[in-house]
**Student:** 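One structure, as structure tokens, below. Some questions next.
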Amino acid sequence: MRILKNKILTTDFFNQATLLVTQKLLGKFLVRKIKNQTISFMITEVEGYDGPNDLACHACKGKTKRNEVMFSQAGHFYTYLIYGMYWMLNIVTGPEDYPAAILIRGTKEIVGPGRLTKQLKIDKSFNNKLATPENNLWFEDRGIKVYKKNILQTPRIGVSYAGPIWSIKPYRFILKT
DNA sequence: ACGATGATGAAC
DNA sequence: TTCATCATCGTA
């Protein structure tokens with residue numbers, strides 16, 4: 001009998017074309033360790049924010065203190081506060097100096113980006129941290145095969161400010177369950 | 001349908 | 001220094 005080892009996703013995985021990684025994240029697991037409890041969630045909803053030309057991407061107007069982590073090496077977390085209440089969890093993708101990231105919007109267990117971070121106790125302390133077990137928050141491939149026919153592709157949520165072209169780009173991917 | 005609630009960045 | 005804007009959610 002073959003023993004499948006859960007593979008931790010590192011910089012190599014995230015340092016690929018953002019939209020490719022975005023789709024590949026479906027069916028992967030977000031793992032969170034709090035004290036001695038380790039809990040994991042299967043990712044089912046994500047959105048890609050891809051580079052300086054993407055007007056929905058926070059970094060499209062250049063580097064600022066808030067978004068500077070998007071320009072760093074792939075595999076870092078980008079967290080920020082929205083609506084004065086909710087932390088958004090993103091994972092940086094692509095090569096250094098190319099600002100891109102993926103917003104984790106939902107899992108099989110918890111749907112909604114704000115709910116997810118609330119329940120997993122994710123806040124600004126994760127910003128700029130690498131996705132590793134040492135930082136108590138990371139991603140794993142557990143060998144789940146995702147078929148294209150089970151992926152739903154739609155425009156991103158809440159980005160009407162990005163204009164007629166970029167607000168309707170179908171960069172949101174949902175895994176049908 | 002709307003209010004909560006505060007960081008951000010751009011205008012002044 | 002002020003102000004509109006937000007990658008949302010829970011309560012109606």
Side-chain angles (χ1 to χ4, degrees), chain A residues 9 13-14 16-30 32 34 39 41-94 97-131 137-139 151-177:
Chain A
L9 301 177
F13 175 82
F14 294 105
Q16 305 179 73
T18 299
L19 293 182
L20 181 66
V21 183
T22 308
Q23 293 177 70
K24 283 187 174 181
L25 263 187
L26 293 174
K28 302 295 190 290
F29 285 77
L30 178 66
R32 174 77 165 109
I34 301 177
I39 41 183
F41 305 86
M42 189 175 78
I43 296 166
T44 54
E45 186 180 345
V46 286
E47 281 178 7
Y49 290 85
D50 189 19
N53 298 323
D54 180 354
L55 296 184
C57 179
H58 279 175
C60 70
K61 289 182 179 161
K63 195 185 282 189
T64 67
K65 190 151 199 176
R66 176 168 73 151
N67 67 31
E68 66 180 351
V69 65
M70 293 182 90
F71 292 79
S72 71
Q73 188 189 48
H76 286 270
F77 289 116
Y78 169 39
T79 62
Y80 65 91
L81 191 66
I82 192 67
Y83 302 127
M85 251 184 247
Y86 296 101
W87 290 97
M88 297 289 107
L89 175 66
N90 302 254
I91 183 78
V92 174
T93 57
D97 292 324
Y98 183 84
I102 297 164
L103 170 66
I104 312 297
R105 292 189 55 88
T107 64
K108 189 180 165 79
E109 298 79 3
I110 305 172
V111 176
R115 291 177 180 169
L116 187 70
T117 53
K118 190 176 169 191
Q119 295 201 36
L120 299 201
K121 302 194 193 312
I122 292 168
D123 59 20
K124 62 172 181 273
S125 68
F126 287 89
N127 193 43
N128 239 312
K129 294 272 196 336
L130 272 174
L137 185 63
W138 69 97
F139 297 91
I151 296 179
L152 202 63
Q153 196 172 358
T154 82
R156 292 170 291 187
I157 299 295
V159 293
S160 53
Y161 61 88
I165 297 181
W166 289 96
S167 63
I168 62 168
K169 290 274 185 190
Y171 289 179
R172 176 175 178 234
F173 300 90
I174 300 168
L175 178 59
K176 290 189 260 182
T177 47

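The figures here come from the full heavy-atom set of this structure, side chains too, leaving out hydrogens, waters and symmetry mates. Each chain gets a letter, A, B and so on, in the order the sequences are listed, and its residues count up from 1.
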**Student:** Only Watson-Crick and G-U wobble pairs with both distances less than 3.5 Å should count. Give DNA chain B in dot-bracket notation, marking inter-strand partners with |.
**Tutor:** ||||.||||||.
**Student:** Among residues two or more places apart or on two chains, list those pairs meeting side-chain hydrogen bond (donor to acceptor under 3.5 Å, both in side chains) that have a residue in residues 84-93 of chain A.
**Tutor:**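 Every pair satisfying side-chain hydrogen bond (donor to acceptor under 3.5 Å, both in side chains) with a residue in residues 84-93 of chain A: A/Thr18-A/Thr93.
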**Student:** Strictly below 4.0 Å, heavy-atom distances to any atom of DNA chain C: list the hits from residues 163-175 of chain A, or just say none.
**Tutor:** none
**Student:** Donor-acceptor check, side chain of A/Glu47 to backbone of A/Ile157, threshold 3.5 angstrom: yes or no?
**Tutor:**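 Present.
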**Student:** Return yes if some donor-acceptor pair links the side-chain N/O of A/Thr117 with the main-chain N/O of A/Pro113 below 3.5 Å, else return no.
**Tutor:**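 Here the side-chain-to-backbone pair exists.
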**Student:** Base, backbone or nothing for each nucleotide of nucleotides 2-9 of chain B, written B, S, -, heavy atoms under 4.0 angstrom, 5' to 3'?
**Tutor:** --BBB-SS
**Student:** Can you sort out which residues in residues 103-118 of chain A have a heavy atom within less than 4.0 Å of DNA chain C? Ascending by number, please.
**Tutor:** A/Leu103, A/Arg105, A/Gly112, A/Pro113, A/Gly114, A/Arg115
**Student:** Considering residues at least two apart in sequence or located in another chain, which fulfil the ring-ring contact (aromatic ring centres under 6.0 Å, His included) criterion with A/Tyr80?
**Tutor:**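 Residues passing ring-ring contact (aromatic ring centres under 6.0 Å, His included) with A/Tyr80: A/His58, A/Tyr78.
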**Student:** Give me the one residue out of A/Ile91, A/Leu103, A/Val46 that meets side-chain contact (heavy atoms from CB on, under 4.5 Å) with A/Thr22.
**Tutor:** A/Val46
**Student:** Using side-chain contact (heavy atoms from CB on, under 4.5 Å) as the criterion, point out the one residue from A/Met88, A/Glu45, A/Arg115 that pairs with A/Arg105.
**Tutor:** A/Glu45
**Student:** So, A/Phe14 versus A/Phe139, ring centres under 6.0 angstrom or not?
**Tutor:** yes
**Student:** Is the NZ atom of A/Lys176 crowded by more than 12 outside heavy atoms at less than 6.0 Å?
**Tutor:**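 Atom NZ in A/Lys176 is crowded, with more than 12 foreign heavy atoms closer than 6.0 Å.
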**Student:** Check whether A/Arg156 reaches the backbone of A/Gly48 with its side chain - one donor and one acceptor, N or O, closer than 3.5 Å.
**Tutor:** yes
**Student:** Using the P atom on both, measure C/dT2 against B/dT5 and round to a whole Å.
**Tutor:** 22 Å
**Student:** Would the distance check show the side chain of A/Asn127 and the main-chain N or O of A/Lys124 forming a donor-acceptor pair, the cut-off being under 3.5 Å?
**Tutor:**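 Here the side-chain-to-backbone pair does not exist.
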**Student:** Using atom types as modelled and distance alone, determine if a side-chain donor or acceptor of A/Asn67 lies under 3.5 Å from a backbone N or O of A/Gly62.
**Tutor:**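 Judged by distance alone, yes, a pair lies under 3.5 Å.
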**Student:** Kindly indicate whether the side chain of A/Asn53, heavy atoms from C-beta on, has any atom under 4.5 Å from the side chain of A/Trp166.
**Tutor:** yes
